[in-house]
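Working notes for the structure below.
Computed from a predicted structure; not experimentally measured.
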Amino acid sequence: MKYLAITIAGAVSLGSYESGAMYELLDAIAQHNANPQTKQSGDYVKVDVITGASAGGMTGAILAQSLLFQSKDFVGPYDNPLYNIWVLKVDIRNLVDYDGQDVAEGGDNPPDLSLLSSAYIAQLAQQTLKATDNTGLIPVRGGAHAAVDPSRGIYLGLALTNINGLDFSKSLASGDPFVFTDFSDRMLRKLGVTDTAPAPWDEIADAAVASGSFPFAFHTRELLRSKADYCGEKNIQWPGADPYPFDYTDGGVLQNQPLGMARDLVAKIEDSLQNPETRAYFLVSPNPLISSQDESYTEESTTIGALLLRLISIYMGQAVFQDWLAAERVNDQIVEFRRRVSQLAHAILRGKVDEASLKGLMEAWLNPVVVPGTSRQDLSKSRQQVRRRYQAEIAQLSGMGDSTVDAFVDIVVTLESAARLTDRELMTIYGVICKSCDTAGAGLWAFVGFLDQKFRKHDYDLGRTKMQGLLTSKDFQMGPLGPLRFTPVPIDPLDPSLKGLKLEDIPKDDVNVLRSGLQQRVRHIVKYELASHPMLKAIAAGLISGLLGIAIEWEFDRDVQGTS
C-alpha cells in the first residue's frame with residue numbers, strides 16, 4: 001500500500017485550478033486501484049491526509065466528505081463536487097447578491113463587516129458539508145472512494161488565523177514569566193467511513209468557511225474551540241470557559257501552504273505503524289515558486305509609500321512559502337543525519353567503535369531517559385521508530401550481538417532527540433504548481449476568476465493539465481508512487497485568449513456586475529457608519545461610490561494581468 005498526504009494552498013478564485021488538479025489525481029488513483037495488475041501486486045494508492053488553507057481549506061473539507069461517503073458524485077471531470085462548487089457556483093453575481101438579514105441570522109448585515117456576501121459562502125457550506133439525508137445523517141452515495149483506505153479514514157487539517165490570539169507562557173532564567181501570543185491556529189480531525197453524524201461536519205464546515213474568509217472580502221467567523229484541541233501544546237494559557245469562542249479570518253494569512261500540518265498528521269499515523277510504508281506529499285498551489293527579489297530598492301529611492309508596498313509583498317511572500325521552505329530544511333537535516341548514522345554503523349562494523357564505548361555512551365545519555373521529562377513510554381516508541389528507520393544498518397550490525405544493536409539504537413535515539421528529529425520523516429514532495437501568467441483568474445489578488453465562469457473553467461482545465469503532466473512524467477512513474485496505471489482522460493482545449501488574461505480584456509458586462517455590486521455595498525457601509533448624520537451620509541455615500549466606480553474603471557483599463 002502507498003499513501004498520499006495532500007496539501008491544498010490558499011488560492012481565492014483559483015480554487016478552480018486546484019479542483020481540476022485534484023479531480024485528475026483522484027481519477028488516476030481510481031483507475032490505478034481498479035487495474036488487475038494493481039490488485040495482483042497490492043500496490044494500491046490511498047489518500048489519508050488532507051490539509052488546506054483558505055480556498056484550499058474549503059476544498060479540502062468538501063473533498064474529505066466526498067471521498068469518505070459520496071463516491072457516486074464523481075460522475076466525470078465536469079460533474080463532480082469540486083467542479084460544481086468552484087466552477088459553476090462561486091460567481092461574482094452571487095457574491096454581490098447580499099442577504100438583508102443580520103450576521104447572527106446568517107445574513108450580511110451590518111454591511112461594514114465585509115465587501116462581498118459572506119452569507120452566500122455560508123449557504124454553500126450548508127448545501128454541501130452540512131447537508132443531511134432524511135435520517136438526519138450525512139448522505140452516503142456510493143460509499144468510500146477508491147482513494148480511501150476504509151481501515152484508516154482521512155486525517156483533515158484546516159489552517160486558521162486566530163484574530164484574538166492564544167497566549168503561551170514560559171519562565172525565564174530569572175523566574176519572570178515570558179508570555180507570547182500565537183495567532184496561527186488549526187483544526188485537526190480524524191474522520192472515518194462511518195462518521196456520518198452531522199455535528200462534527202457542522203464544526204468542520206464552519207472552520208472551512210473561517211479558513212476561507214479572505215480579509216475584507218468576507219467577514220470573520222466565530223468558532224467555539226475546546227481546550228482538548230490544544231492538549232499537545234505546552235504552557236497554554238486558556239482564556240476562560242471551555243469551550244471558548246475565538247474570532248477567525250483567512251487561514252492563508254499566516255500559513256498559506258500548510259505542509260507542516262500535513263507532516264504532523266502523518267507523524268500521528270506513523271506512531272502506530274510496525275513497518276515503514278511508502279509515502280509522498282502533494283502540494284497543489286497556483287502560486288508560482290519564483291523569485292520576488294527586487295534590486296530597485298535603494299536608500300535614496302525607497303519612499304514611505306514604496307516601503308509600505310514592499311513590506312506587504314515581503315509579508316505575502318513569507319506567508320506563501322514558509323512551510324515549503326521549512327519542509328525542505330528539515331529534509332536536508334534528515335538526509336545529513338542519516339548519512340552520519342550510516343557512518344556510525346560502518347565504524348562499528350570496522351571495529352573503530354567497540355561495544356564497551358557504545359555501552360558507556362548509552363549509560364551516560366540514557367539514565368534513566370533520553371531527555372528530562374520524557375517518559376519511558378515515549379522512549380520505547382522512539383526506539384521502535386529508530387529500528388524501523390534504520391533497518392539496513394541494524395541488519396548489518398545484528399551479527400555483533402543484541403547488546404551492540406541495543407546500544408546503537410539508543411545512541412541514535414539520543415542524537416535524534418538532540419537534533420529535534422524524533423518525529424520527522426523524509427518528505428517526498430510533488431508540487432502541482434503553475435505560473436500566474438498561465439491562468440485566467442490570477443488578477444486582483446486572484447479574484448478575477450469570480451467574474452466569469454469561463455475563466456474558472458479555463459483554470460480548472462489548466463489544473464487538470466498540470467496534474468496529468470506530472471502523473472505521466474517519467475520521473476513520477478519511476479518514483480515511490482509509480483508506476484501509476486491509468487489512462488489520462490481527454491481535457492477540453494484551453495482557450496489561448498484566456499491565458500494570462502489582461503484586465504483590459506475582461507468583458508465589460510463582468511466588470512459592471514462587480515462595480516455595481518461594490519458600489520451598492522459601499523453606499524450601505526457609508527450610510528450605516530454615518531447613520532446619525534442624515535445629510536452627510538447621502539453626500540458621502542454618493543461621493544465615495546462614484547470614486548470607487550472611477551477606480552474600478554481605471555483598474556480594468558490597464559494592460560496588465562493585475563496583482564497576483
Side-chain angles (χ1 to χ4, degrees), residues 1-11 14-15 17-33 38 43-53 56 59-60 63 67 82 147-149 154-155 157 255-267 269-270 276-290 320-332 334-335 424-435 438 460 462-486 488 491:
M1 198 84 76
K2 303 173 181 180
Y3 289 95
L4 287 182
I6 296 170
T7 292
I8 310 174
L14 292 175
Y17 167 89
E18 296 174 331
S19 296
M22 287 310 309
Y23 175 82
E24 204 62 36
L25 176 61
L26 295 175
D27 182 63
I29 291 175
Q31 290 188 48
H32 171 83
N33 289 345
T38 300
D43 61 338
Y44 297 99
V45 175
K46 303 288 184 178
V47 175
D48 61 350
V49 170
I50 300 173
T51 65
T59 298
L63 187 60
L67 289 179
L82 299 181
V148 173
D149 180 350
I154 291 175
Y155 288 75
Q255 41 185 338
N256 199 56
Q257 297 178 344
L259 273 168
M261 192 188 304
R263 183 189 61 231
D264 292 344
L265 290 173
V266 167
I269 296 172
E270 291 176 341
E277 62 187 16
T278 301
R279 159 79 58 185
Y281 295 77
F282 270 65
L283 172 62
V284 183
S285 172
N287 297 307
L289 300 173
I290 59 175
V320 167
F321 300 124
Q322 61 181 350
D323 246 22
W324 175 284
L325 296 174
E328 288 302 312
R329 290 189 190 107
V330 171
N331 272 355
D332 292 342
I334 292 172
V335 169
R424 303 296 181 95
E425 294 286 350
L426 195 63
M427 298 172 69
T428 300
I429 306 171
Y430 292 101
V432 188
I433 314 294
C434 73
K435 297 178 181 178
D438 288 335
Y460 178 88
L462 177 62
R464 292 186 63 201
T465 302
K466 291 289 185 179
M467 182 63 81
Q468 272 195 14
L470 170 64
L471 299 181
T472 57
S473 68
K474 182 179 179 181
D475 288 343
F476 181 86
Q477 288 292 327
M478 296 179 64
L481 294 180
L484 203 60
R485 306 176 185 97
F486 78 106
I491 302 173

Exercise for the section: Go through Leu26 and Leu63 one step at a time and tell me if the side chain to side chain contact (heavy atoms under 4.5 Å, CB included) criterion holds. Expected result: CA-CA 10 Å; Leu26 295 175; Leu63 187 60; 3.4 Å; yes

Practice task
Check whether any side-chain heavy atom of Asp43 sits under 4.5 Å from a side-chain heavy atom of Thr278, and report yes or no.
Solution key: no

Handout entry: Nearest-0.5 Å distance that lies between atom CG in Asp475 and atom CD in Gln477
Key = 10.5 Å

Practice task
Please round to the nearest 0.5 Å and tell me the distance separating atom CG of Asp149 and atom NZ of Lys2.
Solution key: 15.0 Å

Practice task
Check whether any side-chain heavy atom of Tyr460 lies under 4.5 Å from a side-chain heavy atom of Ile491, and answer yes or no.
Solution key: no

Handout entry: Rounded distance (nearest 0.5 Å) linking atom CG of Asp48 with atom CD1 of Ile154
Key = 8.5 Å

Practice task
List the atom of Asn256, the atom of Ala53, and the distance in Å for their closest heavy-atom pair.
Solution key: O-CB, 3.7 Å

Exercise for the section: Measure the shortest side-chain to side-chain distance between Arg279 and Ile269 over non-hydrogen atoms and say whether it is less than 4.5 angstrom. Expected result: yes

Problem - Audit row: Leu25, Ile6, side chain to side chain contact (heavy atoms under 4.5 Å, CB included) steps and yes/no - result: CA-CA 10 Å; Leu25 176 61; Ile6 296 170; 3.8 Å; yes

Exercise for the section: Report the distance from atom CG of Leu283 to atom CD of Gln257, rounding to the nearest 0.5 Å. Expected result: 4.5 Å

Practice task
Answer yes or no: is there a side-chain heavy-atom contact under 4.5 Å between Tyr281 and Val266?
Solution key: yes

Exercise for the section: Could you check whether the rings of Tyr430 and Phe282 sit parallel, tilted or perpendicular, using 30° and 60° as the cut-offs? Expected result: tilted

Exercise for the section: Please report the closest heavy-atom contact between Ile50 and Gly60, naming both atoms and the distance. Expected result: CG2-CA, 3.7 Å

Fill in the blank from the handout: Residues at least two apart in sequence or cross-chain that pass side chain to side chain donor-acceptor pair (under 3.5 Å) with Asp27, listed by chain then number, are Gln31

Handout entry: Set of side chain to side chain donor-acceptor pair (under 3.5 Å) partners for Thr38, sequence neighbours left out
Key = Arg485

Problem - Verdict with supporting geometry, Lys46 and Asn33, side chain to side chain contact (heavy atoms under 4.5 Å, CB included) - result: CA-CA 9 Å; Lys46 303 288 184 178; Asn33 289 345; 4.0 Å; yes

Handout entry: pair Thr472-Phe486: side-chain heavy atoms closer than 4.5 Å
Key = yes

